[in-house]
Amino acid sequence: MEEKALWSGRFDKAMSQDTLEFTSSLGTDVALAFYDIMGSLAHVRMLKSCKILPAKDADTIIDGLKKIVDDIENGTFEVNPDLEDIHTNIEHRLTDMIGPDGGRLHTGRSRNDQVATDFRMYMRDMTLDAVNALDNLIDSLITISEKNGDTILPGYTHMQHAQPVTLSQHMLAHAFRFDRDGERFLDAYSRMNRCPLGAAALAGTTYPIDRDMTSQALGFSGPTNNSMDTVSDRDFVAEILFCASLTAVHISSLAEELVLWSSQEFGFVEMDEAYSTGSSIMPQKKNPDVAELARGMTGSVVGSLMSMLVTLKGLPFTYNRDLQEDKRPAMEAMYTVTQCAMMMASAAKTMKINKKRMKESAKAGFMNATDLADYLVVKGIPFREAHGIVGAAVKYCVKENKDLESLTLDELRGFSASIDDDVFEILPLRKCVERRNSYGGTSSVSTNLQRDHLMNNLTIREEFVYYQTEVIEDCWDRLLK
Ligand code: ARG
């Protein structure tokens, strides 16, 4: 190992090869290269403006950093595995290019505030990507809902037929979960969007730096408030990973349903061939692997949240090398959850819906029993008593192998003299669905409102994501000018 570490001054010996390999973070933080340079450009421009660095030196550094960005974009930037992380790699490259003046870049800065800044910028982008993918998934659920206002299927509790619902309502139920997930991500985004740069190693710096200036240059909403908190704070990672975990749990619930619904027993949906796989031995098979994998990947996403929390537990102030373990789980989880959302959006959008099968299934299980009880209540019978009357009618139907709708008026009146001809207007499943027009219910009046609500939220999020993306790109353009 020939390369010198940034900190080798007080050492007589070089680091052993196995220590280098054990402590290196290059395998993950190479993904931070671009953000690292943006952070450095903001820092050096600030040093120049505050007259901490002479303009000439600052300009040489700026030119050098810009060349490294070109190299990264052209794919010609080579990382040196003998240097322990991306920050060291970039600083070395700069010094190779412009000479010892490159060493002035680190004035008033530490890798502790540097890495915290880089990672926040990285996680900002990953969060915006995840929200875009989620919104796309919500969009496909809304489309299915729009087309299936009249598709009736069983609504379940305890996995037993409970009351009829529309597929429209059912898909919107999933969509509202994802809507909250999107909102939660952006909520955490706003808390994460504060700039650590200037906290230095842990206690701030003696140089007359301008933290507002660097914060603004990097598109943050302001600098963080306490230097010690700043270099040890990975709340933003844990919080975003919680958002990702709950999203993954919600995705797995949708995925599980599609797997179940594609089974021969249900036959409610058929996944498109483009989103299915076959079996190497059973020629007849068509498997819903996309949904199965999305369900399965939840494990690693939730695992990354656990990993981050346990890494943070019991850490003393301030920076500890343990914190380096934040990147891999977070990077993997954000990638996974975004991919899952994208794939589930496509799989759901292209699946075939078997409306007939859903309807058939909805006919079983006396799902209009509550409606009959409600009917008796309107006729003046107390609900508890009505419940008992309908229970007796259901028992009779089970014995006679009939359903409530097919009983004659005489048969029905055998259970209660309050039942009249108009009962046949409330028993059809379509009527059961449409009469549930309370706010949030399964009627089409309600599902139309729900879709409006979701679309409104989508627009608000789209605008937020668009605005943030513009702000960030604007910063990059300015820094690279
Ligand atoms: N690779 C390190 C990390 O990701 C960078 C910060 C190193 N700081 C230090 N004091 N050794 O956390």
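Hydrogens, waters and symmetry mates play no part in the numbers below; they use all other heavy atoms, side chains included. Everything numeric in this text was worked out from a predicted model, so none of it was measured. In each ligand, atom 1 is the first atom listed, and ligand 1 is the first ligand listed.
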- Return the residue, atom name and 0.1 Å-rounded distance of the protein heavy atom closest to atom 1 (N) of ligand 1. Gln324 OE1, 2.8 Å
- Query: Quick one: do the Ser215 and Arg194 side chains pair a donor with an acceptor below 3.5 Å?
  - Reply: no
- Task: May I ask you to identify the nearest protein heavy atom to atom 11 (N) of ligand 1, giving residue, atom name and distance to one decimal place in Å?
- Result: Arg111 NH2, 3.8 Å
- Message: Side chain or backbone, does Arg234 bring an N or O within less than 3.5 Å of an N or O on ligand 1?
- Response: no
- Query: Any idea how Phe176 and His453 line up, ring-wise: parallel (<30°), tilted (30 to 60°), or perpendicular (>60°)?
  - Reply: tilted
- Message: Determine whether Gln114 and Arg111 satisfy the following criterion, side chain to side chain donor-acceptor pair (under 3.5 Å), listing intermediate values before the conclusion.
- Response: CA-CA 5 Å; Gln114 185 180 357; Arg111 272 184 302 161; 5.9 Å; no
- Query: Below 3.5 angstrom, do we get any N/O pair linking Glu84 and ligand 1?
  - Reply: no
- Are any of the N/O atoms in Asn112 less than 3.5 Å from those in ligand 1? yes
- Looking only at protein heavy atoms, what sits closest to atom 4 (O) of ligand 1 is Lys327 NZ, 2.6 Å
- Which residue holds the protein heavy atom closest to atom 3 (C) of ligand 1, what is that atom called, and what is the gap in Å? Tyr319 OH, 3.3 Å
- Message: Side chains of Gln450 and Ser446 only: does a donor on one sit below 3.5 Å from an acceptor on the other?
- Response: yes
- Message: Check the orientation of Phe119 and Tyr122. Use parallel for under 30°, tilted for 30 to 60°, and perpendicular for over 60°.
- Response: parallel
